[in-house]
Amino acid sequence: MSKFLERCKGNKDSVGAYAVQCGECSKWRFIPTKEEFESIRHNFIENPWYCNKKPGVTCDDPADLEYDNTRIWVFDKPNIPKAPPNTERMLIMRRDCSKMDAHYIMPNGKKVRSGVEVEKFLEAYPEYKGKISPSSFSFTVPKVMDERSPRKFEAKASPSSNKRLKISTKKE
DNA sequence: GCCACCGGTGGC
DNA sequence: GCCACCGGTGGC
């Protein structure tokens, strides 16, 4: 169950940092760029990630970060296709941190929010047909770890839930 | 008039 | 119960 994390931030793409968990030692390692992260993610199941894929790093080195509540963690599904060339996959955190929304910025700056909208886009701009494959879009959003969400926390705390409480005012 | 944002829901 | 998707709208 190795996973990825991302973190809540501002308004643009809400992800503040990317990390992967090593398939061997389970330590978390930062991945410097979105592109690199997407590239690791797109075939993660067949191609798990290990510390030694990071230059000069081995499992003996201390983790880059720990899974704690100093930041908002969001876990991606593995094997999401890379964003097609000249498009960007955006993940936007809701204000209450309850969930994220996914969309793509197309090469001409247009925004699409679903597979149907991709199809409509290709109808509207046929010059992209054949260049952009509808199957390489995924609108699957990462899962927000729920103790991060004030709203869900309240909802959970009100009825008799014996959940561990872990508040932690997040954010910066 | 647009668009970022959020709520609702249908299908699984 | 979850989550992908879409409609509505409030603020600009």
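We name chains A, B, ... by the order of the sequence lines, and we start the count at 1 in each one.
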Next on the checklist: Run the ring-ring contact (aromatic ring centres under 6.0 Å, His included) test against Tyr128(A) and tell me which residues pass, sequence neighbours left out.
Outcome noted: Phe121(A)

Atom pairs under 3.5 Å, N or O on each side, protein against nucleotides 3-6 of chain C: can you list them with distances?
from	atom 1	to	atom 2	distance (Å)
dA4(C)	OP2	Val141(A)	N	3.1
dC6(C)	OP2	Ser114(A)	OG	2.2

Next on the checklist: Using the side-chain hydrogen bond (donor to acceptor under 3.5 Å, both in side chains) criterion, which residues pair with Thr140(A)? Sequence neighbours excluded.
Outcome noted: Ser138(A)

Next on the checklist: Please list all pairs meeting salt bridge (charged side-chain N to carboxylate O under 4.0 Å, His left out) that have one or both residues in residues 44-59 of chain A, counting only residues at least two apart or in different chains.
Outcome noted: Lys54(A)-Asp64(A)

Checklist outcome for this item: Residue pairs meeting ring-ring contact (aromatic ring centres under 6.0 Å, His included), one or both in residues 87-115 of chain A, sequence neighbours left out, come to Tyr104(A)-Phe137(A), Tyr104(A)-Phe139(A)

Restricting both atoms to N or O, compile the protein contacts to nucleotides 10-12 of chain B shorter than 3.5 Å, with distance only.
none

Checklist entry - Quick one: salt bridge (charged side-chain N to carboxylate O under 4.0 Å, His left out) pairs with a partner in residues 121-131 of chain A, sequence neighbours left out? => result Glu123(A)-Lys129(A)

Checklist outcome for this item: Residues pairing under side chain to side chain donor-acceptor pair (under 3.5 Å) where one sits in residues 107-116 of chain A, two or more places apart or in two chains, turn out to be Arg113(A)-Glu117(A)

Next on the checklist: With salt bridge (charged side-chain N to carboxylate O under 4.0 Å, His left out) as the rule and sequence neighbours excluded, what pairs involving residues 79-89 of chain A come up?
Outcome noted: Lys34(A)-Glu88(A)

